[in-house]
2 protein chains.
Amino acid sequence: MPLPPPQRLLATPSWLLTQVAAAAGRRSRERCEAVGAARYHYAILCAVEEFGPCSQAEIGARCHMDRKDVAERVGELERQHCVVRCQDPADPRRKLVTLTDAGRARLEEIAAEIAVAQADLMEPLDDGERDALVAALQKLLGR
Amino acid sequence: MPLPPPQRLLATPSWLLTQVAAAAGRRSRERCEAVGAARYHYAILCAVEEFGPCSQAEIGARCHMDRKDVAERVGELERQHCVVRCQDPADPRRKLVTLTDAGRARLEEIAAEIAVAQADLMEPLDDGERDALVAALQKLLGR
DNA sequence: GCCTATAGTTGGCGAGACCAACGGAGCGTA
DNA sequence: TACGCTCCGTTGGTCTCGCCAACTATAGGC
């Protein structure tokens, strides 16, 4: 039987967000690990799929990831032949990350797992509540 | 100018939660550090204030913290004379954590900082949206 | 008197967010 | 043209947070 948390914490959005995000992260991580992937990989693959070959800096800016972490994870994806890295002819500083066919298949594989995790997480909410939650989070993010 | 994230991520609650929780955590942490405290300290002080002298195990269960972390943080609070730890006469295994006057003052000090962080975080939302967000998060947590 | 469960403590791990420094390369300007 | 500033990728760290394993001591049921 779970003991109720202190009222102060229950009224503190940052605490609630931390708790729920931890639970959501756990679910997503477990699902990703089931197919041998990490959460970062999903974000990178999504970015490369939607915005085409793009630099690591752009991936980091779009997915709110540190440059270091992008470099590491892209390296992992490259070793799995999910993406290829090649120098940008227009600017040799940049390395363009391109999705391969294997990467596209991998993306859909991970996406299916992620979808299960989301459904599991959001199960207690009805459709209206889910939409409201997502909208509120997007609003908080968009600054 | 912030580049927009991939649509897939924007539609993924767990990703949104992680991002917003990270931003919220950053704000709260900065505010807590301004008065030389950690976020864990606030949770512990809240629990002890609301539920009276209680065991470390109970604090952990209520605040969703690992026993190890509770022990460490309570030790820090004790060194700052914010709480006292004494053996439970009814069960020598338990250590009852009790709030001191200094601890109560410290709690209010930290609470004021936390409140600023919350107001800052939730600024883009109107009252209705805030209530809906908090209610949805509580619902997701309550399982 | 056993056996299991619980409480506290110690030590460690892994994921994530973040920061600092470096070399290489673009770009504007004097 | 040469300088300075900025950006990109890379390496090597740090810090928080959640979590797990092992150990000792004790409670409670059998």
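Naming convention: chains lettered A, B, ... in sequence-line order (proteins, then strands); numbering from 1 in each chain.
Note on B:D66: a base of the nucleic acid sits closer than 4.0 angstrom, heavy atoms only. Among the atoms of the strands shown, base atoms are found under 4.0 Å from some heavy atom of B:R67.
At a threshold of 4.0 Å, the pair A:R29-A:E33 does not count as salt-bridged, since none of the basic side-chain nitrogens sits closer than that to a carboxylate oxygen. Ion pairing between a basic and an acidic side chain is recognised when a charged N comes within 4.0 Å of a carboxylate O; B:R8 and A:E49 show such pairing. B:R106 has a carboxylate O that lies under 4.0 Å from a charged side-chain N of B:E109, or vice versa, which qualifies the two as a salt bridge.
Mapping A:A71 and B:D69 onto DNA chain D by nearest heavy atom places A:A71 at the nucleotide closer to the 5' end. The 5' end of DNA chain C is approached more closely, in terms of each residue's nearest nucleotide, by A:H64 than by the other of A:H64 and A:A90. In terms of position on DNA chain D, the residue among B:Q87 and A:S55 whose nearest nucleotide sits closer to the 5' end is A:S55.
Here the options are A:R39, A:Q118, A:R31, the test is side chain to side chain donor-acceptor pair (under 3.5 Å), and the partner is B:S14; only A:Q118 passes.
If you take CD of B:E72 and C1' of C:dT10, they are 9 Å apart, rounded to a whole angstrom. Here C:dG28 presents its C1' atom at 15 Å from CG of A:D91, a figure rounded to the nearest Å. If you measure from atom CZ of A:R29 to atom P of D:dC17, you get 15 Å, rounded to the nearest angstrom. As a whole-Å value, the separation of A:E76 CD from D:dG9 C1' is 16 Å. In this structure, CZ of A:R85 is placed 9 Å from C1' of D:dG9, rounded to the nearest angstrom. The separation between B:E33 atom CD and D:dT16 atom P is 7 Å, rounded to whole Å. As rounded to whole Å, 13 Å separates atom C1' of C:dG14 from atom OH of A:Y40. The CG atom of A:L96 sits 12 Å away from the P atom of D:dC8 (whole-angstrom rounding).
Cluster annotation: B:L137 and A:L141 are assigned to the same hydrophobic cluster (Ile/Leu/Val/Met/Phe/Trp/Tyr, side-chain heavy-atom contacts under 4.5 Å, transitive).
A sub-4.0 Å separation between OP1 or OP2 of C:dG16 and a side-chain N or O of B:Q19 is absent.
Counting only heavy atoms from C-beta on, B:P92 has its side chain closest to D:dT26 among C:dA17, D:dT10, D:dT26. Side-chain proximity of A:A57 to C:dA25, D:dC8, C:dT9: nearest is D:dC8. The A:R93 side chain lies nearest to C:dG24 when the options are D:dC17, D:dT10, C:dG24.
With hydrogens and angles ignored, a donor-acceptor pair under 3.5 angstrom links the side chain of B:K68 to the base of C:dG11.
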